[in-house]
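If you're wondering where the values come from, they're calculated on a predicted model, not measured in any experiment.
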Amino acid sequence: MQRRNFLAAAAGLGLLAVPRDSRADASQQRFLLIVFAQGGWDVTHALDPKRAPSCDVPAGSVTSYANGIKVLTDPSRPSVGGFFAANASRCAVVNGLWIGSVAHGSARIRVLTGTRSARNPDVAAIFAAAAAEQQPRLALPYVDLGGGAYAGPLASVMGRVGSTNQLVTLIDRSKAFRGSGGGFVPDDGEQSLLSEFATRRAGAAARAPGGAAVASYASSLGRAAMLRRDPQMRGMSVGRATTLAQQGALAVELFRGGVACAAFLDTRLDWDTHDDIADQATSHEQLFSELTQIASKLAAAGLLERTTVAVLSEFSRTPKLNDQPQPGKNHWPVTSALLFGGGVRSGSYGATDEGLGALRVRMDDGTPADTGRLLQFDNFAAGLLEFMGVSSKRWITNAEPFHGPFV
């Protein structure tokens with residue numbers, strides 16, 4: 001990159017800053033993985049099976065698993081059944097999650113943040129910020145491997161790796177992207193001068209507007225260099241991370257290495273099936289195949305019991321097919337969530353009627369009840385936060401936490 005652009009680009013290194021001798025205590029830290037199915041999955045393909053004629057449903061049969069979990073399975077989607085056969089005892093399925101929007105952007109914000117504003121942090125960012133206060137040795141508390149996480153005012157705890165994993169260019173500067181006008185990677189002397197200059201400016205601007213940002217940049221230069229020299233980071237497989245399974249493998253390495261405690265992953269699949277519902281079956285098969293790989297990676301690393309995985313989508317699809325030449329399904333403001341891993345109380349929670357409408361449930365145990373209330377996006381997000389040990393009141397106001405699968 002050009003020298004004049006270096007300072008602006010290098011500011012992002014502050015998100016990866018860490019003192020040399022600091023590592024989180026792996027025996028104490030909990031972890032949170034958010035897996036996002038962007039576009040809106042059809043929950044009748046697996047998590048919330050329905051019967052015709054109330055819904056247009058795919059081929060398959062309802063299979064029962066541990067603790068009352070019922071999932072639609074079919075030989076054409078073997079990974080769906082395979083995942084639950086291996087992991088149902090540590091899974092929770094939440095149905096009837098009311099989003100109240102069928103617009104991708106607003107629904108996505110609601111599901112991830114528990115609020116209606118993109119300026120607010122998502123649940124993983126809030127958890128990571130709280131964890132960083134207790135575990136200052138975490139280098140990169142929250143890592144966005146899939147693209148699309150919301151940091152809000154907690155951006156200092158999050159690093160965006162990007163779709164091709166720019167983390168590799170931080171650790172190995174020889175692989176840094178170069179502009180058409182020639183590249184610039186500072187040598188040790190230039191790096192020292194940059195750090196000295198930024199430190200002096202930070203001191204002078206400490207009480208001025210923007211002083212905190214200057215100070216953050218000043219400290220980032222030296223700490224990012226320390227992270228690059230860390231042999232544990234250099235030993236990680238930090239090549240391209242594009243598929244969900246690849247993102248998951250990198251997240252597990254970051255967790256195991258004491259670098260991060262939360263990660264955002266994207267399925268990299270097209271779920272917005274307005275014109276070909278058959279794509280939902282293909283995407284479900286791929287999703288559950290890769291979730292099985294992620295669960296296995298976590299188990300092999302000894303982290304599955306301390307990692308909570310939340311698989312989410314912004315909404316679901318309509319009960320009935322539309323009239324497109326190749327019929328698909330449009331947006332539907334009720335969805336499901338899949339949880340598995342550490343501490344999750346296995347079972348089925350929340351409910352929908354035969355037309356895929358959300359039913360009222362109790363907030364304490366998730367069972368259907370006429371005296372209950374709709375399980376909304378803010379209740380769910382608040383419940384997940386409380387489960388991860390963080391008070392939800394500061395971030396998601398006036399929302400009763402949902403406690404069904406969260407013990």
Side-chain angles (χ1 to χ4, degrees), residues 32-43 45 47-48 94-129 142-155 157-163 242 244 247 262-277 279-280 283 287 310-319 322 324 328-338 356-358 374-385 392 395-399 402:
L32 177 61
L33 267 182
I34 302 296
V35 176
F36 200 73
Q38 183 174 207
W41 56 12
D42 180 3
V43 296
H45 271 72
L47 300 181
D48 195 1
V94 179
N95 291 319
L97 179 54
W98 184 86
I99 306 302
S101 174
V102 291
H104 288 292
S106 62
R108 179 190 181 98
I109 292 165
R110 294 180 185 198
V111 167
L112 294 174
T113 72
T115 73
R116 289 175 167 83
S117 174
R119 296 182 178 181
N120 293 327
D122 60 37
V123 169
I126 297 170
F127 162 69
Y142 185 23
V143 58
D144 181 0
L145 297 170
Y150 295 94
L154 302 178
V157 305
M158 186 178 79
R160 295 188 188 276
V161 171
S163 61
T242 54
L244 174 60
Q247 295 167 53
F264 180 93
L265 317 181
D266 189 90
T267 66
R268 302 279 191 251
L269 300 170
D270 182 9
W271 298 94
D272 199 16
T273 51
H274 289 276
D275 57 1
D276 192 353
I277 198 62
D279 288 345
Q280 284 282 336
S283 293
L287 169 63
V311 189
L312 310 169
S313 188
E314 63 262 49
F315 41 59
S316 183
R317 317 305 298 185
T318 51
N322 56 32
Q324 296 290 325
K329 291 183 177 182
N330 299 325
H331 302 171
W332 187 252
V334 178
T335 189
S336 299
L338 170 65
L356 209 59
L374 290 182
L375 170 56
Q376 299 187 165
F377 60 90
D378 52 355
N379 306 121
F380 179 84
L384 180 55
L385 263 183
S392 62
W395 301 100
I396 307 173
T397 58
N398 302 318
F402 176 63

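Contact of the Gln376 side chain with the Phe402 side chain is not registered, since no non-hydrogen atoms from C-beta on lie closer than 4.5 Å. Within the 4.5 Å cutoff, the side chain of Trp41 has heavy atoms near those of the Val311 side chain. Trp271 has its side chain within reach of Leu287: a pair of non-hydrogen atoms, C-beta onward, lies under 4.5 Å apart. Between Pro121 and Ile126, the closest side-chain pair of non-hydrogen atoms falls below 4.5 Å. Side-chain contact between Asn330 and His274: present, with at least one pair of heavy atoms (C-beta onward) separated by less than 4.5 Å. At least one side-chain heavy atom of Leu385 sits under 4.5 Å from a side-chain heavy atom of Ile396. With contacts defined as side-chain heavy-atom distances shorter than 4.5 Å, the pair Ile34/Val123 does not qualify. Looking only at side-chain heavy atoms (C-beta outward), Phe36 and Val111 come within less than 4.5 Å of each other.
Considering all non-hydrogen atoms of both residues, Leu384 and Ala310 come closest at CD2-CB, 4.4 Å. Scanning all heavy atoms of the two residues, the minimum distance from Gly147 to Arg108 falls at O-NH2, 3.5 Å. Asn95 approaches Leu375 most closely through the heavy-atom pair O-CD2, 4.3 Å. Summarising the geometry of Ser106 relative to Ser101, their closest heavy-atom pair is OG-OG, 2.6 Å, with the distance given to 0.1 Å. When all heavy atoms of Ile109 and Ala118 are compared, the closest pair comes out as CD1-CB, 3.6 Å. Minimum heavy-atom separation, Leu312 to Ala337: CD2-CB, 3.6 Å.
Within the 3.5 Å criterion, the main-chain N or O of Ala37 finds a donor-acceptor partner in the side chain of Ser313. Without hydrogens or angle criteria, Asp378 side chain to Phe380 main chain gives no donor-acceptor distance under 3.5 Å. In this structure, Gln247 contributes its side chain and Asp266 its backbone to a donor-acceptor pair below 3.5 Å. Under the 3.5 Å distance criterion, the side-chain polar atoms of Trp332 are matched with a main-chain donor or acceptor of Leu356. Remark: side-chain polar atoms of Thr318 are not paired, donor with acceptor, to backbone N or O of His331 under 3.5 angstrom. At distances below 3.5 Å, not a single donor-acceptor pair connects side-chain atoms of Ser336 with backbone N or O atoms of Asp48. Formation of a donor-acceptor pair under 3.5 Å by the Asn322 side chain with backbone atoms of Gly328 is found in this model. Counting only distance, with no hydrogens or angles, the side chain of Arg268 and the backbone of Thr242 share a donor-acceptor pair below 3.5 Å. When atom types are taken as modelled, the side chain of Asp144 and the backbone of Gly148 share a donor-acceptor pair closer than 3.5 angstrom. The backbone N or O of Thr113 sits nowhere less than 3.5 Å from a side-chain atom of Asn120 that would complete a donor-acceptor pair.
A distance of 4.0 Å separates CZ of Phe315 from NE2 of His104, quoted to the nearest 0.5 Å. Rounded to the nearest 0.5 Å, atoms CZ (Arg317) and OG1 (Thr335) are 10.5 Å apart. Note that OH of Tyr142 is 10.5 Å distant from OH of Tyr150, once rounded to the nearest 0.5 Å. One finds the CD1 atom of Ile99 at 11.5 Å from the CG atom of Leu374 (value rounded to the nearest 0.5 Å). Once rounded to the nearest 0.5 Å, the distance linking CZ of Arg160 with CZ of Phe264 reads 9.0 Å. One finds the NZ atom of Lys329 at 14.0 Å from the CG atom of Asp272 (value rounded to the nearest 0.5 Å).
If you check the side chains of Thr273 and Asp279, you find no donor sitting under 3.5 Å from an acceptor. Residues Ser117 and Thr115 bring no donor and acceptor atom of their side chains to less than 3.5 Å of each other.
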